[in-house]
Number of protein chains: 2
Amino acid sequence: MFGRSPIGPLGEATLSEKSSRSEVVYKLLRQAILEQALRPGTKLSEDTIADHFKVSRTSVRAALVRLNAEGIVDLRANKGACVAEPTLEEARDIFALRRMLEAEVIRRLVADLDAAGVKRLQQHVRQEETALSDHGPLSIRLAGEFHILLAELTGSQALTRFVREIVSRCSLILARFARLHSPECAVDEHVQIIRALQSRDTATAERIMLEHLDAVELRAELDTGKEEPDISAILQRYARKG
Amino acid sequence: MFGRSPIGPLGEATLSEKSSRSEVVYKLLRQAILEQALRPGTKLSEDTIADHFKVSRTSVRAALVRLNAEGIVDLRANKGACVAEPTLEEARDIFALRRMLEAEVIRRLVADLDAAGVKRLQQHVRQEETALSDHGPLSIRLAGEFHILLAELTGSQALTRFVREIVSRCSLILARFARLHSPECAVDEHVQIIRALQSRDTATAERIMLEHLDAVELRAELDTGKEEPDISAILQRYARKG
DNA sequence: GTCGTCAACATTGTATACAATAATGTTGAT
DNA sequence: ATCAACATTATTGTATACAATGTTGACGAC
């Protein structure tokens, strides 16, 4: 049916260069999750996704396997996939590790960052400011990508990889626990970070980054009561009572 | 053909509990790579693997996608998979990050580690000593798993995940660059680490771990000349000259 | 002899078909 | 009416078939 046009019905995402179908599905699902369009716990039925994107389940499955490896999709045998639901315990664990990783990023950048890097950061922040007026999902994604850009500027692929993964998982945590769907990071805090980096003052830069991350974590931590009803957990509570 | 017995021809790996075929292929491939039976650069043809394990290419592909996500398999579009070949630059990058992660592990363990944890570590080292006499691939794997066990004992899933990944990639690096195929870590250094942890002296414990990692890295670093001939890299060097 | 072209082959990417498992609904006995 | 056992349905896991791309080697032009 689609033999003639390798990447036909997927449309938009195929403009820049040809990617495989599974690649496109992967990117779109990932974006949807990180922009909180698909919330934690949402069932990801292979058929539904395949129909929606007009591809075969094969491609969808490949995408789900990748997302599972990144920790943003849960995959239970014979029971399908769903958007991961980090627990509060996992959340604290992940935030602790994130502080360590991003502190390292800052330390490296204070030593290394050049003018070109600063320019890229400032450019990114300008994008964030523009997107902010939309109150759309874009600003959520850009906020996370600021931190990834910082990691990239260290020149360490490995560090970037880990920061990317942990930022993704933090997005999930916020999606699950935070009250507001607004961007996770205040843009002006990003501006402060850039200034601190330019000052070459490691202690200050690190402190500002950690305060920034605390602020992000606080938004989740404050709000644990709001966690959406989980049938089995609730029933188990009642079972213990009766 | 295999309709009757869900996990028939794979045999050995299915004893403990039923896993999906792709899961089994994933585990076996991963083990083969980490035990250096499949060396960096080895082509991983889907057909070959499928035939060898008596499963369909579908299951093999799923396994390869996972391994690729972990960074131990390279996957180039339309050109198949091969065991990743970390460059020397990547190697240094990865070792730097590993030092940071494992230093964190040590700091946490000095604070937290209990008697049960010590016992598990000692038990593991005993396994390592036993395996050492075989001079087989097992000792290589166990050496890496000591570091993973350390991470697990911190109780941090996220940290464990990252340590597991980075230890895997270090195994690949050693497989590519180190002269000897013997275990990457000296067992007595592991014993020293345990002792240092018991002493609750953060500075000493951290120093010993870092020295240990330096020793591991040195084994790779010393030996960069031995890198097997890579046509394109060589030609590129000559292209710059001419 | 070297380079370019094209056809035959091999391998990967995707779709579809089938098998196996879990979820759901129905029936009948108590 | 309740519950268990069975039949039915839906969904995932795997295999196979086909399409698309990459590779190899033969042939001919220069």
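Side chains are part of it too, since the values below use all heavy atoms of this structure and drop only hydrogens, waters and symmetry mates. By convention in this document, chain letters (A, B, ...) are assigned in the order of the sequence lines, proteins followed by strands, and residues within each chain are numbered from 1.
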Round to the nearest Å and state the distance from [X] atom [atom1] to [N] atom [atom2].
X       : N      : atom1 : atom2 : result
A:Arg61 : D:dA15 : CZ    : P     : 12 Å
A:Phe53 : C:dT14 : CZ    : C1'   : 16 Å
B:Leu44 : C:dT12 : CG    : C1'   : 14 Å
B:Ile49 : C:dT11 : CD1   : P     : 12 Å
A:Glu46 : C:dT16 : CD    : C1'   : 14 Å
B:Asp51 : D:dT16 : CG    : P     : 11 Å
B:Lys54 : D:dT14 : NZ    : P     : 18 Å
A:Asp47 : D:dT9  : CG    : C1'   : 13 Å

### Under 4.0 angstrom between B:Ser22 side-chain N/O and D:dT14 OP1 or OP2
yes
### Message
Check the phosphate of D:dT23 against B:Lys43, side-chain N and O only, distance under 4.0 Å to OP1 or OP2. Yes or no?
### Response
no
### Message
A:Arg161 and salt bridge (charged side-chain N to carboxylate O under 4.0 Å, His left out): which single residue from B:Glu70, B:Glu90, B:Glu165 fits?
### Response
B:Glu165
### Message
Any donor-acceptor pair under 3.5 Å linking the side-chain atoms of A:His124 with those of A:Glu145?
### Response
no
### Query
For DNA chain D, which residues in residues 70-80 of chain B have a heavy atom at a distance below 4.0 Å?
B:Asn78, B:Lys79
## Note on the structure
Exactly one of A:Leu172, A:Ile72, A:Leu174, A:Asp74 clears side-chain contact (heavy atoms from CB on, under 4.5 Å) with A:Pro40, and that residue is A:Leu172
#### Entry: Short side-chain to backbone donor-acceptor contact, B:Thr160 and B:Ser156, under 3.5 Å
yes
### Query
Can you tell me if B:Ser168 uses its side chain to pair, donor with acceptor, with the backbone of B:Arg164 under 3.5 Å?
yes
### Task
Using a heavy-atom cut-off of under 4.0 Å over every strand shown, decide if A:Thr58 touches base, sugar-phosphate, or nothing.
base
### Task
Quick one: list whatever passes side chain to side chain donor-acceptor pair (under 3.5 Å) with B:Arg66, sequence neighbours left out.
B:Glu23
### Message
Counting only heavy atoms from other residues, nucleotides and ligands, does the tally under 6.0 Å from CZ of A:Arg108 exceed 12?
### Response
yes
### Message
If you assign B:Arg57 and A:Arg57 each to the DNA chain C nucleotide with the nearest heavy atom, which residue ends up on the more 5' nucleotide?
### Response
B:Arg57
